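Chain A is the first sequence line, chain B the second, and so forth, proteins listed ahead of strands; every chain is numbered from 1. Keep in mind that this is a model prediction, so the values were computed, not measured.
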Number of protein chains: 2
Amino acid sequence: MARAGLTAERLTRAGAELADEVGFDKVTVSALARRFGVKDASLYSHLKNSQDLKTRIALLALAELADRVAAALAGRAGKDALAAFANAYRDYAREHPGRYAAAQLRLDPETAAASAGGRHAQMTRAILRGYDLTEPDQTHAVRLLGSVFHGYVSLEMAGSFSHSAPDTQETWSRILDALDALLRNWPRP
Amino acid sequence: MARAGLTAERLTRAGAELADEVGFDKVTVSALARRFGVKDASLYSHLKNSQDLKTRIALLALAELADRVAAALAGRAGKDALAAFANAYRDYAREHPGRYAAAQLRLDPETAAASAGGRHAQMTRAILRGYDLTEPDQTHAVRLLGSVFHGYVSLEMAGSFSHSAPDTQETWSRILDALDALLRNWPRP
DNA sequence: GCATTTGCCTAATCATATTAGGCAGCTTAC
DNA sequence: GTAAGCTGCCTAATATGATTAGGCAAATGC
């Protein structure tokens, strides 16, 4: 029989595509094997198990997202950088809902440490360079930004905003305005 | 054989407890049947299927959470109300991680309409009565608050904040301060 | 060209989800 | 108080997915 040429890389990429098509929770070893025209058992030469597959997809998504954000951020500062970061984040989630869901997968500490998670934190901190914040306020602000972006995108994807006016694009712009104003005028205790 | 006295209600409650103990994603028809000492098939007299069970747990969680928030909000206004709402939300998630995860389940539109989701939106809006916001800014602010609370709680539960100082309680307080300041000074376009 | 490695297969086991049909226990009517 | 019937849980069966052990053929190294 001709070999299918499976590798962990190809399986991970195909898994990511599958996730975007049918949802991350429906990414299964069987479905992936089907997509490659091989038997389920064949994947176990390349993947430890189902969890391993999901973790790899999550790491792929985190890295892709970090790359996008880095590109969007290049050469920008202040509110420009804030908007670029936020839009890169939101656009990725809309274009790749399955990967975005994968990126939320809870990773064990060692895996998380080796992931692109740290880059995300660094880049968020970079945005704040355009504002006048020192520690520990900077960390509080990093966490706030992370919460808003993640929370907004999650809720928007879940349809929580879809059945009421005004439209979400308008809200998104106004939230960015509000965050910019808040960062320029961060309350001291 | 003695009957186990299954009902959809009891199964839902037990499913919610199971979710808090082992995680919402591990709530399974089999596990629930095991807990009641009955065969898997027996549950299908009370539940349509596995998805139905999950939906019922989600609706239970949404209703419980709305009740808690309503109780916390009673008699408060302004920043007091903001903090009460936020803390009720966060505390529920910490005490009932499985239920909180269930509450994020994507519901189909009819189910969502019949859920306590509307109460959550109403209560968020009620907080804003203590601030001077008119439409459409009020809606933008409702969405911002929802995003921050949901995003923060999700990230905190996922451990995203756990490996860095300062501690999350401090950040949480400062975020509430920041939101209060922002709502009192909401930027007009 | 042969030996070895390696990739995908067959076969088996186990867990979960789900449906169909059966029998016992509870309820109700007399 | 007992027969009729409904209901609730059971047995049995099927399907899908995860996973492991062991085999054969294809690519690779010499």
**Report entry** Short side-chain N/O contact to C:dC8 OP1/OP2 from A:His46, under 4.0 Å
**Finding:** yes
Report summary line: B:Leu11 atom CG is separated from C:dA17 atom P, nearest whole Å, by 13 Å
Report summary line: Whole-Å distance, A:Lys39 NZ to C:dC8 C1', equals 11 Å
Report task. Report yes or no: does B:Asn185 contribute a side-chain atom to a donor-acceptor pair with the main-chain N or O of B:Ala181 at less than 3.5 Å? Result -> no
Query raised in the report: So, A:Asp137 side chain and A:Arg188 main chain: donor-acceptor pair closer than 3.5 Å or not?
Result: no
Requested in this report: Indicate yes or no: at least one non-hydrogen side-chain atom of B:Trp172 is less than 4.5 angstrom from one of A:Arg143.
Outcome: no
Report task. Quickly work out the B:Leu43 CG to C:dA20 C1' distance and round it to whole Å. Result -> 17 Å
For nucleotides 14-18 of chain D, which of its nitrogen or oxygen atoms have a protein nitrogen or oxygen under 3.5 Å away, and what is each distance?
from	atom 1	to	atom 2	distance (Å)
D:dG17	OP2	A:Arg34	NH2	2.6
D:dG17	O3'	A:Thr28	OG1	2.8
D:dA18	OP1	A:Thr28	OG1	2.7
D:dA18	OP2	A:Thr28	OG1	2.7
D:dA18	OP2	A:Val29	N	3.1
D:dA18	OP2	A:Ser30	N	3.0
D:dA18	OP2	A:Ser30	OG	3.3

Requested in this report: Starting from C1' on C:dT19, measure out to CG on B:Leu47 and report it in whole angstrom.
Outcome: 15 Å
Query raised in the report: Under 4.0 Å between a Lys/Arg side-chain N and an Asp/Glu carboxylate O for A:Arg174 and A:Asp177?
Result: yes
Query raised in the report: Rounded to the nearest 0.5 Å, how far does CG of A:Leu65 lie from CG of A:Leu60?
Result: 11.0 Å
Query raised in the report: So does B:Ser42 get a side-chain nitrogen or oxygen closer than 4.0 Å to the phosphate oxygens (OP1/OP2) of D:dC10?
Result: yes
Requested in this report: Measure from the ring center of B:Tyr92 to the ring center of B:His96 and say whether it is less than 6.0 Å.
Outcome: yes
Report task. Calculate the interatomic distance between B:Arg10 atom CZ and D:dG8 atom C1'; express it in whole Å. Result -> 13 Å
